[in-house]
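Report on the following structure.
Letters A, B, ... mirror the listed sequences (proteins, then strands); counts begin at 1. None of the values given here were measured: they were computed from a predicted structure.
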Number of protein chains: 2
Amino acid sequence: MRTLKYAILGLVNRNPITGYDITKEFNKELANFWYAKHSQIYPELKKLVDEGLINFEVIIAGESLEKKLYTITEKGKESLKKWLLQVEDLDPTPKDKFKLRMYFSEILNKEEIILQFEDQLIKRNKKLQFLNDVMNEYDRTIPDVISPEFGDYMVLEGAILREQSYIEWINRCLNRLK
Amino acid sequence: MRTLKYAILGLVNRNPITGYDITKEFNKELANFWYAKHSQIYPELKKLVDEGLINFEVIIAGESLEKKLYTITEKGKESLKKWLLQVEDLDPTPKDKFKLRMYFSEILNKEEIILQFEDQLIKRNKKLQFLNDVMNEYDRTIPDVISPEFGDYMVLEGAILREQSYIEWINRCLNRLK
DNA sequence: TTATAACATGTCAATATTTACATGTTTGAT
DNA sequence: ATCAAACATGTAAATATTGACATGTTATAA
């Protein structure tokens with residue numbers, strides 16, 4: 001499936017970028033639907049170079065610090081575009097540890113179950129607050145439809161809707177329990 | 001983290017069950033938040049027996065077909081309960097291949113992007129329809145709060161809310177694009 | 001000046017998951 | 001009777017992911 005391959009290819013396609021900065025991207029907007037550790041990214045970058053999908057140029061920062069700045073090749077662009085146009089079946093439902101725990105919660109007592117949901121509610125609200133804060137930075141300026149910022153905006157909105165819906169679910173469960 | 005361990009322990013705790021039937025459970029309600037292939041389940045069952053968390057009894061069905069019926073031990077129950085009471089940080093946001101593709105969609109043209117969203121919309125609506133059909137089997141009888149069926153009901157509702165919210169997101173994206 | 005956080009790139013071992021291989025039984029429809 | 005689908009349990013190889021190990025540089029605040 002090699003999804004990480006295309007996640008990286010997509011980023012390198014936007015702008016030449018280092019492995020370190022790719023890792024950072026996986027902790028921003030992108031983190032709302034994909035992520036990877038640097039220990040997975042560096043080997044994948046090497047692989048993509050071997051496959052001729054990206055190139056790199058070594059840059060010296062300061063006195064001696066070496067950075068590798070990766071650039072996409074024509075072959076890489078084609079490969080990315082082909083992947084973007086794919087029509088795939090729906091992914092399996094994402095795994096959810098909290099739902100798994102609540103699914104088996106019958107062996108707990110009511111108070112214990114309620115505590116679990118209330119804790120989850122606090123954490124989800126905090127996350128929603130964070131996402132809303134990021135969204136407010138766009139304030140009145142919704143990005144143009146065909147632009148990299150539109151991608152950021154779109155998935156951020158998706159993340160907010162998802163959290164809201166999760167919170168709605170928690171509240172319904174709590175109402176039933178009380 | 002061993003989440004599969006607890007998913008299996010939770011199922012075995014409900015009722016004695018075979019590996020084959022555990023695999024089937026992972027394709028029903030449970031599939032809305034956890035799943036595994038039989039090639040992962042059988043080795044995990046062996047491990048749980050080694051750890052003394054479950055036992056099994058060999059049953060002969062028909063002439064000679066051997067089934068292993070697994071039962072939870074006291075130690076297993078304790079282990080499960082401890083896990084259920086855990087208060088954990090939020091899981092990282094689940095990965096979403098479709099969102100990843102749309103995030104990088106700026107290199108496609110508008111028509112191509114719209115086609116992608118429309119295809120996704122059809123598939124998501126189909127899935128929502130399926131979930132609603134399952135939900136309708138409960139019709140007017142919402143299960144009692146502390147019962148295994150309540151778990152089923154709860155997570156099914158969660159799955160429906162999630163699909164609805166995904167569809168809402170797709171529609172918003174399509175509105176912007178058109 | 002010096003300590004610390006952030007920058008920068010990698011490897012290795014362990015765990016988790018998927019896909020393919022492998023084998024045999026039982027039930028139910030034609 | 002016989003065929004196919006479902007029942008039933010496993011292993012092995014490949015891929016994906018995480019967590020720990022490993023090393024060195026640069027910017028900045030105290």
**Message:** Taking only side-chain N and O atoms of A/Q40, does any of them lie within less than 4.0 angstrom of OP1 or OP2 on D/dA16?
**Reply:** no

**Request:** Verify the contact: side-chain N or O of B/K95 to OP1 or OP2 of D/dT17, cut-off strictly under 4.0 Å; return yes or no.
**Result:** yes

**Request:** Taking the six-membered ring of A/W83 (Phe, Tyr or Trp), confirm whether the NZ or CZ of A/K5 is under 6.0 Å from its centre and within 45° of its axis.
**Result:** no

**Request:** Check whether any side-chain nitrogen or oxygen of B/K46 sits under 4.0 Å from OP1 or OP2 of D/dT11, and answer yes or no.
**Result:** yes

**Given DNA chain D, 5'-ward residue of the pair A/L65 and A/E44, judged by closest heavy atom** = A/E44

**Message:** Output the rounded distance in Å from CG (B/L69) to P (D/dC7).
**Reply:** 16 Å

**Separation of C/dT17 P from B/K5 NZ (nearest whole Å)** = 15 Å

**Whether A/Y166 and A/W169 hold their rings parallel, tilted or perpendicular, with breakpoints at 30° and 60°** = perpendicular

**Request:** Measure distances between side-chain N and O atoms of A/S64 and base N and O atoms of D/dG24, and say whether any donor-acceptor pair falls under 3.5 Å.
**Result:** no

**Message:** Taking 4.0 Å as the cut-off, does a side-chain nitrogen or oxygen of A/K37 come that near to OP1 or OP2 on D/dG19?
**Reply:** yes

**Message:** Taking any heavy-atom pair under 4.0 Å as a contact, classify B/Y35: base, sugar-phosphate, or nothing.
**Reply:** sugar-phosphate

**Prompt:** What about B/S39, does its side chain sit under 3.5 Å from the base of C/dT17 through a donor-acceptor pair?
**Reply:** no

**Prompt:** Is there a side-chain polar atom (N or O) of B/K24 under 4.0 Å from OP1 or OP2 of D/dC7?
**Reply:** yes

**Residue met sooner reading DNA chain D from 5', once A/M1 and A/E63 are mapped to nucleotides** = A/M1

